[in-house]
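What follows is a set of notes on a single structure, which appears directly below.
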Protein chains: 2
Amino acid sequence: MVLRLTGRLARRRGPVGDRCPIDRTLQIVGSRSAFLLLREALYGTTRFDDLVRLTGFTEAVAAKRLKELVDHGLLERRPYQEPGQRTRHEYVLTDRGHDLMPALLALAQWGRTHSPRKDGGPTPLHDGCEAEVRVVMQCAAGHPVVEDELVLTS
Amino acid sequence: MVLRLTGRLARRRGPVGDRCPIDRTLQIVGSRSAFLLLREALYGTTRFDDLVRLTGFTEAVAAKRLKELVDHGLLERRPYQEPGQRTRHEYVLTDRGHDLMPALLALAQWGRTHSPRKDGGPTPLHDGCEAEVRVVMQCAAGHPVVEDELVLTS
DNA sequence: AGGCTGACTTTCCAAGGGCATAGTCAGTCA
DNA sequence: TGACTGACTATGCCCTTGGAAAGTCAGCCT
């Protein structure tokens, strides 16, 4: 046992279903295309054809997924106009979308550390101090938290 | 733009494919069943029928996914024997599996904050100090990092 | 020997993800 | 007016995910 469970959670006899926030998150962004489109949005890509080209998904898949992400409020579809061009739309991350960043970084961190490829991928650095950035667990009092110091209460 | 990209990453003209560690992670644990089985494993559930009952997946799905997770080294299938019982197997998280915890916690954190249900789900607390635990970005020098202080180098 | 139980395996099915190709549509430019 | 471009939309296909239900199999117990 690695984690201490208390309350209803410890007594559960069957699936917790919608009460699990991991599951609820996955219902919204649980596909590869959703994650990778959000990655691109985080990288600063906003135009439809750039999102298509840089993720490698087909236009059909991208259009469908982008629409879902907009519906769920992770992206905002915003009109803009370049001089001499007609009105277009760009997709920009909302606050809800930005809040997924720790999750994306955590997945990337695992991939860099544990997937076979040795050229793991881009290393995230802290601008200015240049030290590597990691995702860590920390309590509101500022203590670093390791796994067996964690209690789940429901 | 929210994140600064440098090197190859900034110059890329097409999909990065396998060079993206997020994508590589998703190829391994990118399904709902994989995530939820890992969640259960993290909760300390080890036996096949408990994993089936508590995640709500069918035995067929659970068996298949567990096999994959074992193959990828996130779980270990380990024989054990209770007195007067025949030999059985339990599934326990390996170090590779444990390392996914920040990602799971980050997904849970997003779900609790942003998904409609008001009873968000279990709150993770720091054992002893009882403060809420969150996933945060931090550099090796110990500074908290916000999104626009992040540079990706490849 | 036969039953029971935990741990699967097998078969069949529906829904969704993703690809390829082709078509649409609106506004700008020549 | 017609071409061109960015941004979709439609169709058909295959593969994977996941569910339902039944079958298998090993070993302990009576």
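Every value quoted in this text rests on a predicted model; they were computed, and no experiment measured them. Proteins come first, then strands; the chains are lettered A, B, ... in the order of their sequence lines, and each starts at number 1.
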- Note on the structure: Nearest-nucleotide check on DNA chain D, Glu59(B) vs Glu68(B); residue mapping nearer the 5' end is Glu68(B)
- Query: Looking at dC8(C), dA7(D), dT17(D), which one has an atom nearest to any side-chain atom of Asp49(A)?
  - Reply: dA7(D)
- Residues which pass side-chain contact (heavy atoms from CB on, under 4.5 Å) with Arg12(B), listed by chain and number, not counting sequence neighbours: Glu40(A), Tyr43(A), Thr45(A), Leu54(A), Leu5(B), Leu9(B), Val16(B)
- Query: Crowded around Asp95(B) CG? As in, over 12 foreign heavy atoms under 6.0 Å?
  - Reply: no
- Item | Short side-chain N/O contact to dC8(D) OP1/OP2 from Arg47(A), under 4.0 Å | no
- Query: Which part of the nucleic acid, if any, lies within contact of Ala60(B), taking any heavy atom under 4.0 Å across all strands shown: a base, the sugar-phosphate backbone alone, or nothing?
  - Reply: base
- Looking only at side-chain atoms of Phe57(A), point me to the closest of dT9(D), dG18(C), dA7(C). dG18(C)
- Message: Let me spell it out: for each of Arg88(B) and Ala63(B), pick the nucleotide of DNA chain C with the closest heavy atom. Which residue's pick is nearer the 5' end?
- Response: Arg88(B)
- Note on the structure: Picking from dG19(D), dG18(C), dC8(C), the nucleotide nearest the side-chain atoms of Ser31(A) would be dG18(C)
- Sequence neighbours excluded, which residues qualify as side chain to side chain donor-acceptor pair (under 3.5 Å) partners of Ser33(B)? Ser31(B), Arg65(B)
- Reading nucleotides 25-30 of chain C from 5' to 3' and marking B where a protein heavy atom lies under 4.0 Å of the base, S where only the sugar-phosphate is that close, and - otherwise, the string is -BSSS-
- Note on the structure: Those residues at least two apart in sequence (or on a different chain) that pass side chain to side chain donor-acceptor pair (under 3.5 Å) with Gln138(A) are none
- Message: Restricting to side chain to side chain donor-acceptor pair (under 3.5 Å), what partner residues turn up for Arg32(A), sequence neighbours left out?
- Response: Asp23(B)
- Task: Between dT9(C), dG18(C), dG19(D), spot the one nearest the side chain of Val61(B), thanks.
- Result: dG19(D)
- Phosphate-side-chain proximity, Lys67(A) and dT9(D), N/O vs OP1/OP2 below 4.0 Å: yes
- With heavy atoms under 4.0 Å as the rule, sort Arg53(B) into base, sugar-phosphate or nothing. nothing
- Item | Contact under 4.0 Å: Tyr91(A) side-chain N or O vs dC8(D) OP1/OP2 | yes
- Item | Contact check, side chains of His114(A) and Leu74(B), non-hydrogen atoms, under 4.5 Å | no
Can you give me every donor-acceptor pair (side chain of residues 122-131 of chain B, partner residue at least two apart or in another chain, under 3.5 Å) with its distance?
from	atom 1	to	atom 2	distance (Å)
His126(B)	NE2	Glu149(A)	OE1	2.9
Asp127(B)	OD1	Arg4(A)	NH2	3.1
Glu130(B)	OE2	Gly128(B)	N	3.4

